[in-house]
Amino acid sequence: MRALAVGLLLAAVQLASAAPTPIPTPEPFSGMNAGTGDSTPIPVSEEDITSQLVRPALFARAVYCSSPVVETWSCGEPCDALGSNVKVLVAGGDDEKIPNFFVAYDQDKDTVVVAHQGTEPKNFLSDLNDLEIVQVGANTTLLPGAGDDVKLHDGFAATQGRTADLVLSTVQSALDSTGSKQLQVIGHSLGAAIASIDGVMLKMKLDPSIAITTTVFGLPRVGNQAWADLVDSTLGSSFTHVTNQNDPVPRVPPQFLGFQHPSNEVHISAVDPTGNNATATFCPGQENDQCADSNNILDASVTNHRGPYFANISMGNRFCPL
Ligand SMILES: *[C@@H]1O[C@H](CO)[C@@H](O)[C@H](O)[C@H]1NC(C)=O
Ligand SMILES: *[C@@H]1O[C@H](CO)[C@@H](O)[C@H](O)[C@H]1NC(C)=O
Ligand SMILES: *[C@@H]1O[C@H](CO)[C@@H](O)[C@H](O)[C@H]1NC(C)=O
């Protein structure tokens, strides 16, 4: 199975003719030369990492903890690292068809947070390399702005659909009851795929005055070119997907099966031995061939999928045993 996966990934590398589409967007990270059409990666400063990426990464780690300890915010270090002012409004998941998820109010940041758990990369990779992958049209009840040309990975769309109504209603009541105007949507791995669909859904459904930020880690390709364009046009620079070194997950499903990433990749090219200092670049355009797409697939590292990302934060069941 592993040999087949590598073979398909190699085919993807050879067949994919990545044509990065320059998208003019406002600056999510200082130093980004938006709108110039230049795809040269731009260093992301330690300040931007600290202010924009560390807290989302901490939430993406905490959602791997079981719902009972998340509900009471007693999941140990993954919860403690976020402080005690996180009020969980709903937490669920069944370790099968519904990965763990929660909706919380992050009082310190006056932000409502939606987070989705991922899955173990080994099983995930063989599924995502399956040539039988089916793309389905978007559910326009959930994504009313999606055209007929938008196609999503059927498994990702189905998994997102299982929590969509509860996430939407909980977020709506949380925004109403707290008066917050800010929403942060987060996920890692499979959870990153769900979070990116959630981000577009919430942007289409909620009042336009709500500022939605979607930050995901280790994102696989979720849909076709029309989907990638829809993410770009709906979320713009409020969407960020972080890729870590030689993680193979962002390379699947392959582009030759009709999958495409949206814009706004932040690529970590190196992490120091303490796991604390990441060297990261902002990669303009979709499928920037100087970032995760340039990785040598033969060096693919499933360990890189787990992290560490920033501030020695790794994600997966083993990083939240409670
Ligand atoms: C689309 O989403 C709505 C709302 O969650 C759900 O009731 C409906 O069954 C979904 N349709 C399909 C085809 O999955
Ligand atoms: C980094 O995190 C890992 C896993 O959580 C832990 O085992 C290790 O001790 C941490 N390293 C440092 C330098 O904090
Ligand atoms: C990261 O590296 C810089 C310079 O190499 C150092 O000054 C800083 O303390 C490091 N930060 C962490 C969190 O290790």
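Just so you know, these numbers come straight off a predicted model, no measurement behind them. Both counts, for ligands and for their atoms, begin at 1 and track the order of listing.
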Visitor: Would you check, one step at a time, whether the test ring pair (Phe, Tyr, Trp, His ring centres under 6.0 Å) holds for H116 with H188?
Guide: CA-CA 7 Å; H116 289 280; H188 168 245; over 10 Å; no
Visitor: How far is atom 10 (C) of ligand 2 from its nearest protein heavy atom, and which residue and atom is that?
Guide: N312 ND2, 2.4 Å
Visitor: Which one of N139, T141, L142, D165 has a non-hydrogen atom at the shortest distance from atom 2 (O) of ligand 1?
Guide: N139
Visitor: Would you say F102 and V90 make side-chain contact, with heavy atoms under 4.5 Å?
Guide: no
Visitor: Can you check whether C75 and C65 have SGs under 2.5 Å apart?
Guide: no
Visitor: With heavy-atom distances below 4.5 Å as the criterion, would you say the side chains of E77 and R61 are in contact?
Guide: yes
Visitor: Any protein heavy atom under 4.0 Å from atom 5 (O) of ligand 1?
Guide: yes
Visitor: I'd like to check atom 12 (C) of ligand 1 in this structure: does the protein have a heavy atom lying under 4.0 Å from it?
Guide: yes
